[in-house]
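Keep in mind that what you see is a predicted model, and the values were worked out from it rather than measured. These values consider heavy atoms only, across backbone and side chains, with no hydrogens, waters or symmetry-generated copies. Every chain is numbered from 1, with letters handed out A, B, ... down the list of sequences.
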Number of protein chains: 2
Amino acid sequence: MQVSLQALKAFESAARRGSFKLAAEELSLTPTAVSHHISNLESRLNVNLFHRQTRQIILTETGRILAKATTEGFRKIDNALAEVKTAGSVVRVTTTSSFAAMLLIPALQEFSQAYPNIAVEVATGEAVDNQPYIIPIRYGDATSVAPGDIISHELFDVFGARGMKPPCWSAEPVTLFTTEWKNAALPAPPLAAWLAANGLDGANIVLKKFDQELFGIQQAMTENSLVFCSTTLTKRLLNANLLQQFGTSPVKSDLCYYVPDKPSFDSRNTHTFLNWIAGLLHG
Amino acid sequence: MQVSLQALKAFESAARRGSFKLAAEELSLTPTAVSHHISNLESRLNVNLFHRQTRQIILTETGRILAKATTEGFRKIDNALAEVKTAGSVVRVTTTSSFAAMLLIPALQEFSQAYPNIAVEVATGEAVDNQPYIIPIRYGDATSVAPGDIISHELFDVFGARGMKPPCWSAEPVTLFTTEWKNAALPAPPLAAWLAANGLDGANIVLKKFDQELFGIQQAMTENSLVFCSTTLTKRLLNANLLQQFGTSPVKSDLCYYVPDKPSFDSRNTHTFLNWIAGLLHG
DNA sequence: CACTATAGATGACTAAAACTCATCTGTTAA
DNA sequence: TTAACAGATGAGTTTTAGTCATCTATAGTG
């Protein structure tokens with residue numbers, strides 16, 4: 001002797017719209033179905049929910065009480081469903097402007113070809129959208145990040161603009177763009193380690209610093225000079241032959257891309273997306 | 001591509017109980033049905049709601065959001081349903097202690113024989129239960145009550161204990177119990193009108209006053225004396241031959257029994273009950 | 001004042017879910 | 001190593017929800 005949820009849904013709609021006909025339209029049913037539902041409900045509950053007048057139904061006192069509760073209850077559920085459905089169809093990401101501009105956004109086209117049903121929205125900047133579901137891809141210190149959250153450890157190397165002739169590391173002064181993060185807590189680019197690994201002393205290197213890797217890379221490209229930066233950001237430019245390398249060896253850094261609390265991003269599309277990102281960074 | 005409410009119900013239960021098996025028990029289903037519902041839900045929403053481990057399911061972040069909303073939403077609806085179901089099976093009344101004790105409660109047995117499926121609960125006293133659904137049967141001034149709310153207009157007359165010999169209105173002093181309401185706004189019992197209607201001057205009547213009609217009636221019965229009170233309260237005692245009349249004529253009063261906002265008490269059982277009460281008072 | 005149009009009620013029938021059963025998987029605990 | 005257990009999966013069945021045809025009552029309309 002349980003009431004059916006469909007019947008309650010029909011009742012809620014009829015109560016809200018004030019008509020079985022309109023409720024039927026709203027629910028894509030026939031008015032007959034709504035009528036059946038409501039009389040079923042009334043006989044199961046043993047109360048009248050509507051006063052029937054010709055071409056007009058009016059909620060009874062009891063009906064009003066039930067209508068209020070069902071409207072509120074279903075609204076709560078519907079809102080959550082809408083939220084969850086969104087989570088199922090769009091992936092939202094925030095990340096640094098360098099990563100977004102140089103890798104993520106350019107590569108997104110490939111993602112949508114591979115997964116046409118998943119929309120991706122990218123936001124950059126400090127807009128601390130603590131909305132649920134938004135995935136923050138951060139650039140940080142690998143030694144202070146949970147290992148499971150890390151997507152990739154960063155390698156650093158020197159790159160030069162297309163067509164440059166290889167730099168002469170021991171003669172005249174060489175200009176090298178590098179990055180000095182605004183956020184002092186971030187590990188600095190491992191330039192000393194790179195010099196050591198490549199057997200250089202760096203005595204004739206003139207450093208010029210930007211606060212975002214992106215700017216240094218762009219500057220190097222337009223000024224036909226060199227930049228010391230992470231290998232992931234330059235991957236696409238190398239492939240496109242807009243940057244070149246000079247046989248130097250990359251060095252590991254303490255920097256990494258990571259997603260805080262990564263295992264909690266567990267919806268299907270989020271998972272797909274994060275796997276794809278990992279491939280993008282490692283492949 | 002709509003999600004089904006049954007599936008949501010199954011999910012809500014599984015989320016709350018932390019197990020498909022327990023949810024199945026709660027909903028009187030097989031675990032298979034719950035499993036089907038949830039995988040259906042997951043594929044329609046395109047999200048994972050549970051992490052499946054062996055013999056253990058754990059809500060995903062998304063699942064937690066949906067679980068919270070569905071639990072709250074369904075609880076709201078269920079509470080209202082319980083309330084409405086109650087309204088369908090039990091009728092609650094408050095009224096004066098005199099009316100309850102002398103007419104309503106004694107007659108209730110007949111009501112439950114006629115309508116075995118309707119339970120009636122009677123409360124008396126000032127406990128201003130403004131709960132929904134409680135029917136207040138009040139005793140008041142007919143001239144200041146909406147006509148549609150009135151159940152019956154009261155007639156007043158003099159009654160005596162069983163076996164008394166008829167009083168002699170003109171000789172020795174006659175003791176007459178009557179009522180003086182605590183609430184001064186109530187019309188007084190129409191004693192003057194009754195005396196006039198019965199051609200008496202009342203010169204030798206000694207009045208004794210109680211603040212409830214019930215007390216005067218009881219006193220008259222135990223002391224073998226007379227009481228001036230409403231005819232409805234004495235109806236049963238007359239039938240049972242515990243009280244008698246002496247050929248006097250009853251007079252109308254401004255007092256009535258009424259239910260504030262009576263037309264709003266429109267559930268089936270309430271209606272049945274109020275009709276029965278009306279019959280009780282008029283018949 | 002009849003006539004038509006309209007909202008809903010009713011009952012028989014059908015389509016579509018919801019549910020179960022039998023079987024299978026992976027893991028835990030004995 | 002095996003029994004036991006929670007859940008997954010697929011096919012088949014039952015129940016429910018929905019439709020169609022028909023009917024009622026009445027509010028507008030000419």
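Salt-bridge annotation for Lys21(B) and Glu25(B): present, with a side-chain N of the basic residue lying under 4.0 Å from a carboxylate O of the acidic one. Here Lys68(B) does not pair with Glu83(A) in a salt bridge; the nearest charged N to carboxylate O distance is not below 4.0 Å.
Ser35(B) has a side-chain polar atom (N or O) that falls below the 4.0 Å cut-off from OP1 or OP2 of dA8(D). The shortest distance between the side-chain N/O atoms of Thr30(A) and the OP1/OP2 oxygens of dT19(D) is below 4.0 Å. The side chain of Thr32(B) places no N or O atom within less than 4.0 Å of a non-bridging phosphate oxygen (OP1 or OP2) of dT20(C). In this structure, Arg52(B) does not reach the dA6(D) phosphate: none of its side-chain N or O atoms is under 4.0 Å from OP1 or OP2.
The CD1 atom of Ile38(A) sits 19 Å away from the P atom of dT16(D) (whole-angstrom rounding). Gln56(A) places its CD atom 13 Å from the P atom of dA9(C), with the value rounded to the nearest Å. Summarising the geometry, the separation between CG on Asn40(B) and C1' on dG10(D) is reported as 15 Å, rounded to the nearest angstrom. Per the geometry, CG belonging to Leu41(A) stands 15 Å off P belonging to dT16(D), to the nearest Å. At whole-Å resolution of the value, NE2 in His37(B) and P in dT16(D) are 13 Å apart. Rounding to whole angstrom units, CD of residue Gln2(B) and P of dA17(D) are separated by 16 Å. Atom CD1 in Ile58(B) sits about 14 Å away from atom P in dT27(C), given to the nearest Å. Between Phe20(A) atom CZ and dT19(D) atom P there is a gap of 15 Å when expressed in whole angstrom units.
For the pairing with Ser230(B), the side-chain hydrogen bond (donor to acceptor under 3.5 Å, both in side chains) check across His153(B), Lys235(B), Glu154(B) returns one residue only, Glu154(B).
Side chain His36(A) to base dG8(C): no donor-acceptor pair is found below 3.5 Å.
Residues Arg55(A) and Leu5(A) each lie close to DNA chain D; by heavy-atom proximity, the contact nearer the 5' end of the strand is made by Leu5(A). A residue-by-residue look at Thr54(A) and Ser39(A) shows that Thr54(A) has its nearest nucleotide of DNA chain C further toward the 5' end.
Phe74(A) carries Lys9(A) over the face of its six-membered ring, with the cationic atom under 6.0 Å from the centre and within 45° of the normal.
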Query raised in the report: Taking it one step at a time, do Arg75(A) and Asn79(A) satisfy side-chain hydrogen bond (donor to acceptor under 3.5 Å, both in side chains)?
Result: CA-CA 6 Å; Arg75(A) 184 170 47 222; Asn79(A) 288 344; over 6 Å; no
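For Leu29(A), taking side-chain heavy atoms from C-beta onward, the closest of the listed nucleotides dA7(C), dA8(D), dT19(D) is dT19(D).
Across all strands, Ser19(A) comes closer than 4.0 Å only to sugar-phosphate atoms, never to a base (heavy-atom distances). Among the protein residues, Ser4(A) comes within range of the sugar-phosphate backbone only, with heavy atoms under 4.0 Å from sugar or phosphate atoms but none that close to a base.
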